Number of protein chains: 2
Amino acid sequence: MWTVDDGRPGLRERKKQRTRAAISDAAITLFLEHGFGKVSVAQVADAAEVSKRTLFAYFPTKEDLVLHRLADHETELARVVRAREPGAGPLAAVRDHVLARLRERDPITGLNDRPDVLRLTRMILDSPSLASRMQGFKAGAERALAQALRETADTPDLTSRLAAAQIVTVQWILAHDNARRLADGEAADARYAGAVADAEHAFTLLGNGLRDLTPKRTPGRSPKRSQKR
Amino acid sequence: MWTVDDGRPGLRERKKQRTRAAISDAAITLFLEHGFGKVSVAQVADAAEVSKRTLFAYFPTKEDLVLHRLADHETELARVVRAREPGAGPLAAVRDHVLARLRERDPITGLNDRPDVLRLTRMILDSPSLASRMQGFKAGAERALAQALRETADTPDLTSRLAAAQIVTVQWILAHDNARRLADGEAADARYAGAVADAEHAFTLLGNGLRDLTPKRTPGRSPKRSQKR
DNA sequence: GGATATTTCTGCACCGGGTGTAGTTTTATA
DNA sequence: TATAAAACTACACCCGGTGCAGAAATATCC
(Lines give C-alpha, C1' and ligand atoms only; values in the text may rest on other atoms or scores of the structure.)
Protein backbone atom coordinates (compact mmCIF):
# COMPACT_ATOMS: atom_id res chain seq x y z
CA MET A 1 0.00 0.00 0.00
CA TRP A 2 1.50 3.23 1.19
CA THR A 3 5.01 1.86 1.55
CA VAL A 4 7.30 4.42 -0.05
CA ASP A 5 10.41 3.17 -1.75
CA ASP A 6 12.76 5.93 -0.74
CA GLY A 7 16.43 5.14 -0.92
CA ARG A 8 16.76 4.38 2.78
CA PRO A 9 17.84 0.95 3.96
CA GLY A 10 14.72 -1.27 4.42
CA LEU A 11 13.52 -2.63 7.73
CA ARG A 12 15.88 -5.58 7.67
CA GLU A 13 18.98 -3.44 7.36
CA ARG A 14 17.83 -0.98 10.01
CA LYS A 15 17.17 -3.75 12.45
CA LYS A 16 20.59 -5.19 11.85
CA GLN A 17 22.21 -1.90 12.64
CA ARG A 18 20.19 -1.61 15.84
CA THR A 19 21.14 -5.10 16.90
CA ARG A 20 24.75 -4.45 16.15
CA ALA A 21 24.73 -1.28 18.22
CA ALA A 22 22.91 -3.02 21.06
CA ILE A 23 25.52 -5.77 21.20
CA SER A 24 28.43 -3.39 21.07
CA ASP A 25 26.91 -1.14 23.72
CA ALA A 26 26.13 -3.98 26.06
CA ALA A 27 29.66 -5.27 25.59
CA ILE A 28 31.40 -2.01 26.33
CA THR A 29 29.20 -1.29 29.31
CA LEU A 30 29.89 -4.66 30.85
CA PHE A 31 33.58 -4.59 30.00
CA LEU A 32 34.06 -1.17 31.52
CA GLU A 33 32.21 -2.22 34.62
CA HIS A 34 33.84 -5.57 35.32
CA GLY A 35 36.89 -5.71 33.07
CA PHE A 36 37.36 -7.25 29.65
CA GLY A 37 38.72 -10.50 30.96
CA LYS A 38 36.03 -11.02 33.57
CA VAL A 39 33.05 -10.83 31.26
CA SER A 40 32.26 -13.75 28.96
CA VAL A 41 30.77 -13.33 25.53
CA ALA A 42 27.83 -15.35 26.75
CA GLN A 43 27.11 -12.67 29.32
CA VAL A 44 27.36 -10.00 26.67
CA ALA A 45 24.98 -11.87 24.42
CA ASP A 46 22.64 -12.25 27.35
CA ALA A 47 22.70 -8.57 28.18
CA ALA A 48 22.09 -7.69 24.54
CA GLU A 49 19.20 -10.19 24.43
CA VAL A 50 20.74 -12.09 21.60
CA SER A 51 22.05 -15.61 21.25
CA LYS A 52 25.78 -16.23 21.43
CA ARG A 53 25.63 -17.50 17.88
CA THR A 54 24.12 -14.23 16.68
CA LEU A 55 26.71 -12.21 18.49
CA PHE A 56 29.42 -13.98 16.55
CA ALA A 57 27.53 -13.31 13.34
CA TYR A 58 28.04 -9.60 13.98
CA PHE A 59 31.50 -9.60 15.53
CA PRO A 60 34.05 -12.20 14.55
CA THR A 61 35.90 -12.16 17.87
CA LYS A 62 35.44 -10.93 21.40
CA GLU A 63 38.06 -8.25 20.85
CA ASP A 64 36.13 -6.86 17.91
CA LEU A 65 33.31 -5.98 20.27
CA VAL A 66 35.59 -3.24 21.54
CA LEU A 67 37.91 -2.47 18.68
CA HIS A 68 35.64 -2.44 15.65
CA ARG A 69 35.36 1.33 15.99
CA LEU A 70 39.08 1.75 15.53
CA ALA A 71 39.32 -0.27 12.35
CA ASP A 72 39.22 2.76 10.07
CA HIS A 73 42.31 4.23 11.65
CA GLU A 74 44.27 1.41 10.10
CA THR A 75 44.37 3.24 6.79
CA GLU A 76 44.38 6.75 8.17
CA LEU A 77 48.02 7.61 7.64
CA ALA A 78 47.98 6.03 4.21
CA ARG A 79 45.09 8.28 3.24
CA VAL A 80 46.89 11.30 4.65
CA VAL A 81 49.97 10.56 2.60
CA ARG A 82 47.92 10.01 -0.52
CA ALA A 83 45.97 13.21 -0.02
CA ARG A 84 48.96 15.45 0.65
CA GLU A 85 49.39 18.37 -1.67
CA PRO A 86 51.84 17.83 -4.50
CA GLY A 87 55.38 18.78 -3.62
CA ALA A 88 54.95 18.01 0.06
CA GLY A 89 57.01 15.29 1.65
CA PRO A 90 55.12 12.39 3.22
CA LEU A 91 56.82 12.88 6.55
CA ALA A 92 55.73 16.50 6.80
CA ALA A 93 52.21 15.51 5.81
CA VAL A 94 51.99 13.00 8.61
CA ARG A 95 53.52 15.40 11.10
CA ASP A 96 51.01 18.09 10.26
CA HIS A 97 48.21 15.61 10.50
CA VAL A 98 49.30 14.43 13.90
CA LEU A 99 49.62 17.98 15.15
CA ALA A 100 46.15 18.77 13.87
CA ARG A 101 44.73 15.75 15.66
CA LEU A 102 46.43 16.79 18.85
CA ARG A 103 44.83 20.21 18.53
CA GLU A 104 41.39 18.60 18.30
CA ARG A 105 42.15 16.20 21.15
CA ASP A 106 41.34 13.31 18.88
CA PRO A 107 41.18 10.24 21.12
CA ILE A 108 43.53 8.43 18.77
CA THR A 109 46.35 10.73 19.88
CA GLY A 110 45.85 9.64 23.44
CA LEU A 111 45.25 13.27 24.35
CA ASN A 112 41.57 13.10 25.23
CA ASP A 113 40.65 12.99 28.88
CA ARG A 114 36.91 12.51 28.66
CA PRO A 115 36.26 9.97 31.41
CA ASP A 116 34.76 7.34 29.13
CA VAL A 117 37.62 7.66 26.65
CA LEU A 118 40.08 7.43 29.48
CA ARG A 119 38.54 4.30 30.91
CA LEU A 120 38.35 2.66 27.52
CA THR A 121 41.98 3.44 26.83
CA ARG A 122 43.05 2.01 30.13
CA MET A 123 41.04 -1.10 29.50
CA ILE A 124 42.60 -1.68 26.10
CA LEU A 125 46.11 -1.08 27.36
CA ASP A 126 45.59 -3.31 30.37
CA SER A 127 44.13 -6.25 28.53
CA PRO A 128 46.76 -8.38 26.79
CA SER A 129 44.45 -9.69 24.12
CA LEU A 130 43.15 -6.24 23.28
CA ALA A 131 46.61 -4.75 23.26
CA SER A 132 47.84 -7.51 21.03
CA ARG A 133 45.01 -6.93 18.61
CA MET A 134 46.01 -3.27 18.55
CA GLN A 135 49.46 -4.35 17.47
CA GLY A 136 47.72 -6.03 14.57
CA PHE A 137 46.17 -2.71 13.60
CA LYS A 138 49.60 -1.16 13.75
CA ALA A 139 50.95 -3.78 11.38
CA GLY A 140 48.05 -3.14 9.05
CA ALA A 141 48.72 0.57 9.14
CA GLU A 142 52.34 -0.10 8.20
CA ARG A 143 51.32 -2.19 5.23
CA ALA A 144 48.84 0.38 4.02
CA LEU A 145 51.26 3.24 4.45
CA ALA A 146 54.03 1.35 2.72
CA GLN A 147 51.81 0.87 -0.29
CA ALA A 148 50.83 4.52 -0.30
CA LEU A 149 54.48 5.53 -0.19
CA ARG A 150 55.35 3.15 -2.97
CA GLU A 151 52.66 4.61 -5.14
CA THR A 152 52.88 8.31 -4.41
CA ALA A 153 56.58 8.75 -3.81
CA ASP A 154 58.56 6.52 -6.10
CA THR A 155 60.39 4.81 -3.29
CA PRO A 156 61.37 1.20 -3.85
CA ASP A 157 59.74 -1.58 -1.92
CA LEU A 158 62.16 -2.06 0.94
CA THR A 159 62.55 1.64 1.56
CA SER A 160 58.80 2.10 1.61
CA ARG A 161 58.36 -0.60 4.19
CA LEU A 162 61.11 0.78 6.35
CA ALA A 163 59.84 4.33 6.18
CA ALA A 164 56.24 3.26 6.75
CA ALA A 165 57.12 1.23 9.80
CA GLN A 166 59.13 4.06 11.26
CA ILE A 167 56.46 6.65 10.67
CA VAL A 168 53.70 4.51 12.11
CA THR A 169 55.90 3.68 15.07
CA VAL A 170 56.45 7.33 15.87
CA GLN A 171 52.75 8.09 15.83
CA TRP A 172 52.12 5.00 17.91
CA ILE A 173 54.65 5.81 20.59
CA LEU A 174 53.51 9.40 20.84
CA ALA A 175 49.91 8.32 21.31
CA HIS A 176 50.90 5.67 23.80
CA ASP A 177 52.90 8.16 25.80
CA ASN A 178 50.08 10.68 25.94
CA ALA A 179 47.60 8.00 26.91
CA ARG A 180 49.83 6.80 29.72
CA ARG A 181 50.27 10.31 31.06
CA LEU A 182 46.55 11.03 31.03
CA ALA A 183 45.90 7.68 32.62
CA ASP A 184 48.29 8.76 35.35
CA GLY A 185 46.17 11.79 36.02
CA GLU A 186 47.55 14.55 33.83
CA ALA A 187 44.91 16.78 32.23
CA ALA A 188 44.74 16.90 28.45
CA ASP A 189 45.00 20.67 28.26
CA ALA A 190 47.93 20.66 30.63
CA ARG A 191 49.64 18.01 28.60
CA TYR A 192 48.95 19.63 25.24
CA ALA A 193 52.09 21.77 25.02
CA GLY A 194 54.32 18.88 25.95
CA ALA A 195 52.57 16.59 23.51
CA VAL A 196 53.16 19.04 20.69
CA ALA A 197 56.78 19.47 21.62
CA ASP A 198 57.28 15.72 21.80
CA ALA A 199 55.62 15.21 18.45
CA GLU A 200 57.80 17.84 16.85
CA HIS A 201 60.85 16.34 18.44
CA ALA A 202 59.95 12.86 17.28
CA PHE A 203 59.36 13.86 13.68
CA THR A 204 62.52 15.91 13.63
CA LEU A 205 64.45 12.95 14.94
CA LEU A 206 62.92 10.75 12.29
CA GLY A 207 63.70 13.31 9.61
CA ASN A 208 67.28 13.88 10.63
CA GLY A 209 68.11 10.36 11.59
CA LEU A 210 69.60 8.67 14.60
CA ARG A 211 73.03 9.57 13.26
CA ASP A 212 74.10 11.62 16.22
CA LEU A 213 72.72 9.61 19.05
CA THR A 214 75.18 10.25 21.86
CA PRO A 215 77.92 7.65 21.63
CA LYS A 216 79.05 8.34 25.17
CA ARG A 217 79.32 5.22 27.30
CA THR A 218 81.63 5.82 30.23
CA PRO A 219 80.35 7.73 33.23
CA GLY A 220 81.18 11.43 33.13
CA ARG A 221 79.18 14.14 31.47
CA SER A 222 78.65 14.07 27.73
CA PRO A 223 80.84 16.43 25.70
CA LYS A 224 78.34 18.53 23.73
CA ARG A 225 74.72 18.26 22.66
CA SER A 226 72.92 20.51 25.04
CA GLN A 227 69.36 20.14 23.74
CA LYS A 228 67.75 17.10 25.23
CA ARG A 229 64.27 15.63 25.04
CA MET B 1 76.29 -45.72 49.25
CA TRP B 2 78.37 -44.86 46.20
CA THR B 3 76.25 -41.86 45.18
CA VAL B 4 78.65 -39.06 44.46
CA ASP B 5 77.53 -35.54 45.12
CA ASP B 6 79.17 -33.80 42.22
CA GLY B 7 77.73 -30.44 41.22
CA ARG B 8 75.64 -31.80 38.36
CA PRO B 9 71.89 -31.38 38.34
CA GLY B 10 70.57 -34.49 40.08
CA LEU B 11 68.18 -37.03 38.63
CA ARG B 12 65.06 -34.97 39.07
CA GLU B 13 66.39 -32.02 37.12
CA ARG B 14 67.81 -34.21 34.38
CA LYS B 15 64.51 -35.99 33.91
CA LYS B 16 62.73 -32.68 33.68
CA GLN B 17 65.02 -31.52 30.93
CA ARG B 18 64.47 -34.74 29.02
CA THR B 19 60.73 -34.46 29.34
CA ARG B 20 60.82 -30.87 28.25
CA ALA B 21 62.85 -31.75 25.19
CA ALA B 22 60.60 -34.70 24.39
CA ILE B 23 57.52 -32.50 24.45
CA SER B 24 59.08 -29.79 22.35
CA ASP B 25 60.42 -32.29 19.82
CA ALA B 26 57.13 -34.11 19.49
CA ALA B 27 55.39 -30.78 19.04
CA ILE B 28 57.67 -29.47 16.33
CA THR B 29 57.64 -32.76 14.47
CA LEU B 30 53.87 -32.90 14.44
CA PHE B 31 53.47 -29.22 13.64
CA LEU B 32 55.85 -29.39 10.71
CA GLU B 33 54.12 -32.47 9.40
CA HIS B 34 50.48 -31.38 9.67
CA GLY B 35 50.58 -27.66 10.34
CA PHE B 36 50.42 -25.74 13.58
CA GLY B 37 46.70 -25.18 13.42
CA LYS B 38 45.81 -28.77 12.62
CA VAL B 39 47.49 -30.39 15.59
CA SER B 40 45.94 -30.13 19.03
CA VAL B 41 47.96 -29.89 22.20
CA ALA B 42 46.29 -33.11 23.27
CA GLN B 43 47.84 -34.86 20.30
CA VAL B 44 51.22 -33.39 21.16
CA ALA B 45 50.91 -34.54 24.75
CA ASP B 46 49.93 -37.96 23.49
CA ALA B 47 52.92 -38.20 21.18
CA ALA B 48 55.23 -37.11 23.98
CA GLU B 49 53.63 -39.67 26.31
CA VAL B 50 52.71 -37.04 28.81
CA SER B 51 49.41 -35.79 30.13
CA LYS B 52 47.97 -32.57 28.79
CA ARG B 53 48.28 -31.08 32.25
CA THR B 54 51.99 -31.86 32.39
CA LEU B 55 52.53 -30.33 28.98
CA PHE B 56 51.11 -27.07 30.25
CA ALA B 57 53.35 -27.30 33.29
CA TYR B 58 56.33 -27.06 30.95
CA PHE B 59 54.99 -24.66 28.32
CA PRO B 60 52.48 -22.00 29.25
CA THR B 61 50.85 -21.85 25.82
CA LYS B 62 50.69 -23.84 22.62
CA GLU B 63 52.75 -21.19 20.84
CA ASP B 64 55.55 -21.56 23.36
CA LEU B 65 56.02 -25.12 22.19
CA VAL B 66 57.52 -23.61 19.07
CA LEU B 67 58.81 -20.22 20.13
CA HIS B 68 60.50 -20.90 23.46
CA ARG B 69 63.80 -21.24 21.63
CA LEU B 70 63.58 -17.69 20.36
CA ALA B 71 62.94 -16.09 23.72
CA ASP B 72 66.58 -15.14 24.30
CA HIS B 73 66.64 -13.05 21.16
CA GLU B 74 64.30 -10.66 22.88
CA THR B 75 67.20 -9.08 24.74
CA GLU B 76 69.82 -9.61 22.06
CA LEU B 77 70.02 -6.08 20.69
CA ALA B 78 69.94 -4.64 24.18
CA ARG B 79 72.95 -6.76 25.10
CA VAL B 80 74.74 -5.71 21.93
CA VAL B 81 74.21 -2.05 22.71
CA ARG B 82 75.35 -2.50 26.28
CA ALA B 83 78.46 -4.40 25.22
CA ARG B 84 79.58 -1.97 22.52
CA GLU B 85 83.01 -0.51 22.95
CA PRO B 86 83.10 2.93 24.53
CA GLY B 87 82.84 5.73 22.02
CA ALA B 88 80.85 3.71 19.54
CA GLY B 89 77.33 4.78 18.63
CA PRO B 90 74.54 2.33 19.38
CA LEU B 91 73.33 2.39 15.82
CA ALA B 92 76.71 1.35 14.46
CA ALA B 93 76.97 -1.37 17.05
CA VAL B 94 73.68 -2.86 15.99
CA ARG B 95 74.53 -2.54 12.33
CA ASP B 96 77.81 -4.37 12.79
CA HIS B 97 76.09 -7.04 14.79
CA VAL B 98 73.46 -7.59 12.13
CA LEU B 99 76.10 -7.78 9.42
CA ALA B 100 78.05 -10.31 11.47
CA ARG B 101 74.94 -12.42 11.91
CA LEU B 102 74.27 -12.30 8.19
CA ARG B 103 77.80 -13.53 7.58
CA GLU B 104 77.17 -16.55 9.81
CA ARG B 105 73.77 -17.16 8.27
CA ASP B 106 72.20 -16.94 11.70
CA PRO B 107 68.60 -18.14 11.31
CA ILE B 108 67.43 -15.02 13.07
CA THR B 109 68.44 -12.95 10.08
CA GLY B 110 66.19 -15.01 7.86
CA LEU B 111 69.23 -15.87 5.76
CA ASN B 112 69.49 -19.56 6.55
CA ASP B 113 68.18 -22.01 4.01
CA ARG B 114 68.63 -25.26 5.84
CA PRO B 115 65.44 -27.13 5.02
CA ASP B 116 64.26 -27.50 8.59
CA VAL B 117 64.91 -23.84 9.35
CA LEU B 118 63.07 -22.91 6.19
CA ARG B 119 60.05 -24.98 7.03
CA LEU B 120 59.93 -23.68 10.55
CA THR B 121 60.14 -20.11 9.36
CA ARG B 122 57.34 -20.65 6.88
CA MET B 123 55.23 -22.23 9.56
CA ILE B 124 55.69 -19.33 11.94
CA LEU B 125 55.01 -16.75 9.28
CA ASP B 126 51.95 -18.58 8.03
CA SER B 127 50.32 -19.14 11.38
CA PRO B 128 48.51 -16.06 12.67
CA SER B 129 48.85 -16.95 16.31
CA LEU B 130 52.57 -17.68 16.00
CA ALA B 131 53.18 -14.54 13.99
CA SER B 132 51.30 -12.49 16.53
CA ARG B 133 53.34 -13.94 19.34
CA MET B 134 56.45 -12.95 17.41
CA GLN B 135 55.19 -9.39 17.42
CA GLY B 136 55.15 -9.69 21.16
CA PHE B 137 58.83 -10.58 21.11
CA LYS B 138 59.45 -7.56 18.97
CA ALA B 139 57.74 -5.34 21.51
CA GLY B 140 59.82 -6.91 24.26
CA ALA B 141 62.99 -6.26 22.29
CA GLU B 142 61.98 -2.62 21.94
CA ARG B 143 61.46 -2.26 25.66
CA ALA B 144 64.77 -3.90 26.49
CA LEU B 145 66.67 -1.87 23.93
CA ALA B 146 65.05 1.35 25.08
CA GLN B 147 66.25 0.68 28.58
CA ALA B 148 69.75 -0.12 27.37
CA LEU B 149 69.84 3.13 25.42
CA ARG B 150 68.58 5.09 28.37
CA GLU B 151 71.29 3.67 30.54
CA THR B 152 74.32 3.63 28.23
CA ALA B 153 73.68 6.67 26.10
CA ASP B 154 72.15 9.43 28.15
CA THR B 155 69.15 9.80 25.92
CA PRO B 156 65.93 10.85 27.58
CA ASP B 157 63.03 8.47 27.88
CA LEU B 158 60.98 9.37 24.84
CA THR B 159 63.98 9.50 22.57
CA SER B 160 65.16 6.13 23.79
CA ARG B 161 61.84 4.54 23.09
CA LEU B 162 61.65 6.08 19.64
CA ALA B 163 65.17 5.07 18.72
CA ALA B 164 64.74 1.59 20.12
CA ALA B 165 61.56 0.99 18.21
CA GLN B 166 63.11 2.21 14.99
CA ILE B 167 66.22 0.11 15.39
CA VAL B 168 64.32 -3.05 16.23
CA THR B 169 61.96 -2.40 13.35
CA VAL B 170 64.82 -2.18 10.88
CA GLN B 171 66.28 -5.47 12.02
CA TRP B 172 62.85 -7.03 11.93
CA ILE B 173 62.00 -5.92 8.43
CA LEU B 174 65.37 -6.98 7.09
CA ALA B 175 64.96 -10.45 8.58
CA HIS B 176 61.42 -10.73 7.35
CA ASP B 177 62.46 -9.75 3.86
CA ASN B 178 65.26 -12.30 3.75
CA ALA B 179 63.01 -15.00 5.11
CA ARG B 180 60.38 -14.27 2.50
CA ARG B 181 62.90 -14.40 -0.30
CA LEU B 182 64.35 -17.71 0.83
CA ALA B 183 60.87 -19.08 1.29
CA ASP B 184 60.28 -18.12 -2.33
CA GLY B 185 63.19 -20.27 -3.39
CA GLU B 186 66.21 -17.98 -3.37
CA ALA B 187 69.40 -19.59 -2.01
CA ALA B 188 71.00 -18.07 1.05
CA ASP B 189 74.40 -17.66 -0.56
CA ALA B 190 72.86 -16.09 -3.63
CA ARG B 191 70.90 -13.70 -1.47
CA TYR B 192 73.80 -12.80 0.80
CA ALA B 193 75.14 -9.85 -1.20
CA GLY B 194 71.70 -8.33 -1.54
CA ALA B 195 70.98 -8.87 2.13
CA VAL B 196 74.15 -7.05 3.10
CA ALA B 197 73.41 -4.20 0.71
CA ASP B 198 69.86 -3.91 2.04
CA ALA B 199 71.06 -3.91 5.63
CA GLU B 200 73.58 -1.20 4.91
CA HIS B 201 70.96 0.80 3.10
CA ALA B 202 68.48 0.43 5.92
CA PHE B 203 70.90 1.52 8.61
CA THR B 204 72.09 4.41 6.51
CA LEU B 205 68.52 5.50 6.02
CA LEU B 206 67.90 5.25 9.72
CA GLY B 207 71.06 7.19 10.45
CA ASN B 208 70.42 9.97 7.98
CA GLY B 209 66.70 10.21 8.44
CA LEU B 210 63.69 10.18 6.18
CA ARG B 211 64.28 13.87 5.53
CA ASP B 212 64.72 13.60 1.80
CA LEU B 213 62.10 11.06 0.92
CA THR B 214 61.04 12.04 -2.57
CA PRO B 215 58.22 14.52 -2.31
CA LYS B 216 57.14 13.94 -5.91
CA ARG B 217 53.46 13.17 -6.27
CA THR B 218 52.21 13.90 -9.78
CA PRO B 219 52.87 11.37 -12.54
CA GLY B 220 55.96 12.17 -14.60
CA ARG B 221 59.48 11.17 -13.76
CA SER B 222 61.04 12.44 -10.59
CA PRO B 223 63.41 15.39 -10.99
CA LYS B 224 66.61 14.24 -9.30
CA ARG B 225 67.75 11.59 -6.85
CA SER B 226 69.22 8.89 -9.00
CA GLN B 227 70.28 6.40 -6.32
CA LYS B 228 67.39 4.18 -5.38
CA ARG B 229 66.99 1.23 -3.08
C1' DG C 1 -4.16 -9.95 1.45
C1' DG C 2 -1.96 -14.45 1.54
C1' DA C 3 1.59 -17.97 -0.20
C1' DT C 4 6.27 -18.58 -0.79
C1' DA C 5 11.23 -17.83 -0.94
C1' DT C 6 15.15 -15.79 1.64
C1' DT C 7 17.45 -14.16 5.29
C1' DT C 8 18.31 -14.08 10.04
C1' DC C 9 18.11 -15.94 14.55
C1' DT C 10 18.25 -19.66 17.83
C1' DG C 11 19.45 -23.78 20.59
C1' DC C 12 22.45 -27.42 20.91
C1' DA C 13 26.21 -30.14 20.48
C1' DC C 14 30.86 -29.89 19.72
C1' DC C 15 36.05 -28.57 19.36
C1' DG C 16 40.39 -26.84 21.27
C1' DG C 17 43.16 -24.17 24.56
C1' DG C 18 43.75 -23.65 29.23
C1' DT C 19 43.00 -24.20 34.59
C1' DG C 20 41.63 -26.08 39.39
C1' DT C 21 41.72 -29.99 42.15
C1' DA C 22 42.50 -34.13 44.44
C1' DG C 23 44.94 -38.07 44.52
C1' DT C 24 48.85 -41.16 42.88
C1' DT C 25 53.67 -42.01 41.57
C1' DT C 26 58.39 -40.79 41.80
C1' DT C 27 62.55 -38.75 43.66
C1' DA C 28 65.00 -36.83 47.60
C1' DT C 29 66.15 -36.81 52.51
C1' DA C 30 67.39 -38.69 56.85
C1' DT D 1 63.25 -48.00 55.27
C1' DA D 2 60.12 -44.36 56.45
C1' DT D 3 58.77 -39.95 55.24
C1' DA D 4 58.61 -35.45 53.10
C1' DA D 5 58.54 -32.97 48.77
C1' DA D 6 57.99 -32.64 44.01
C1' DA D 7 56.06 -34.13 39.74
C1' DC D 8 52.54 -36.35 37.24
C1' DT D 9 47.87 -37.86 36.14
C1' DA D 10 42.84 -38.11 35.37
C1' DC D 11 38.78 -35.57 35.49
C1' DA D 12 35.74 -32.03 35.46
C1' DC D 13 35.27 -27.55 34.11
C1' DC D 14 35.47 -22.64 31.83
C1' DC D 15 35.61 -19.92 27.75
C1' DG D 16 35.98 -18.55 22.85
C1' DG D 17 34.46 -20.07 18.67
C1' DT D 18 31.97 -23.12 14.89
C1' DG D 19 28.64 -26.44 12.39
C1' DC D 20 24.13 -27.58 11.88
C1' DA D 21 19.23 -27.97 11.59
C1' DG D 22 15.16 -25.91 12.41
C1' DA D 23 12.22 -21.89 13.89
C1' DA D 24 11.08 -16.98 13.30
C1' DA D 25 11.07 -12.87 10.79
C1' DT D 26 11.27 -10.24 6.57
C1' DA D 27 10.93 -9.57 1.61
C1' DT D 28 8.70 -10.78 -2.76
C1' DC D 29 5.31 -12.28 -5.96
C1' DC D 30 0.62 -13.22 -7.30
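Just so we're clear, the structure is a prediction, and the values are computed from it rather than from any experiment. The chains referred to below are lettered A, B, ... by the order of the sequence lines, with proteins before strands, and numbering in each begins at 1.
Contacts of A:Ser40 with the nucleic acid, taken as non-hydrogen atoms under 4.0 Å apart, involve only primed sugar atoms and P, OP1 or OP2. Residue contacts shown for B:Val44 are absent, as no nucleic acid heavy atom lies under 4.0 Å away.
Judged by distance alone, the side chain of B:Asn178 and the main-chain N or O of B:Leu111 form no donor-acceptor pair under 3.5 Å. The backbone N or O of B:Arg20 sits nowhere less than 3.5 Å from a side-chain atom of B:Ser24 that would complete a donor-acceptor pair.
When the C1' atom of C:dT8 is taken as reference, atom CD of A:Gln17 falls 14 Å away, rounded to whole Å. Remark: C1' of C:dT8 and CD of A:Glu49 are 17 Å apart, rounded to the nearest angstrom. Rounded to an integer number of Å, the gap from A:Lys15 NZ to D:dA24 P is 14 Å. Here C:dT6 presents its C1' atom at 14 Å from CD of A:Glu13, a figure rounded to the nearest Å. Rounded to an integer number of Å, the gap from CZ of A:Phe36 to C1' of D:dC15 is 12 Å. Taking atom CZ of residue A:Arg14 and atom P of nucleotide C:dT7, one finds them 19 Å apart after rounding to whole Å. As rounded to whole Å, 14 Å separates atom P of C:dG17 from atom NZ of B:Lys38.
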Protein-nucleic acid N or O pairs under 3.5 Å, nucleotides 20-22 of chain C:
{"residue": "C:dG20", "atom": "N7", "partner": "B:Arg53", "partner atom": "NE", "Å": "3.0"}
{"residue": "C:dG20", "atom": "N7", "partner": "B:Arg53", "partner atom": "NH2", "Å": "2.7"}
{"residue": "C:dG20", "atom": "O6", "partner": "B:Arg53", "partner atom": "NE", "Å": "2.7"}

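Both tests hold for B:Lys62 against B:Phe36: distance to the six-membered ring centre under 6.0 Å, angle to the ring axis within 45°. Relative to the ring axis of B:Phe31, B:Lys38 does not place its NZ or CZ within 45° and under 6.0 Å from the centre. Figure legend: A:Arg105 and A:Tyr192 shown as a cation-pi pair, the cationic atom lying under 6.0 angstrom from the six-membered ring centre and within 45 degrees of its axis.
A salt bridge links A:Arg82 and A:Glu151; the closest N-O separation between the charged side-chain nitrogens and carboxylate oxygens is under 4.0 Å.
Proximity of the aromatic rings of B:His73 and B:Phe137 is defined here by a centroid distance below 6.0 angstrom, and this criterion is not met.
When distances are taken from the side chain of A:Lys52 to each of C:dT10, D:dT9, D:dT18, the shortest belongs to D:dT18. Closest approach to the B:Val41 side chain among C:dA28, C:dG17, C:dT10 is made by C:dG17 (side chain taken as heavy atoms from C-beta onward). Checking C:dC9, C:dT10, D:dA7 against the side-chain heavy atoms of A:Thr19 singles out C:dC9 as nearest.
A donor and an acceptor atom sit less than 3.5 Å apart, one in the side chain of B:Arg12 and one in the base of D:dA6.
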Apply side chain to side chain donor-acceptor pair (under 3.5 Å) to residues A:Thr54 and A:Ser51 and explain how you reach the verdict.
CA-CA 5 Å; A:Thr54 299; A:Ser51 79; 3.0 Å; yes
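Under the side chain to side chain contact (heavy atoms under 4.5 Å, CB included) test applied with B:Phe203, the options B:Leu99, B:Val94, B:Asp96, B:Asp198 reduce to a single match, B:Val94.
Of the residues in residues 56-68 of chain B, those placing a heavy atom less than 4.0 Å from an atom of DNA chain C are B:Phe56, B:Thr61, B:Lys62, in numerical order.
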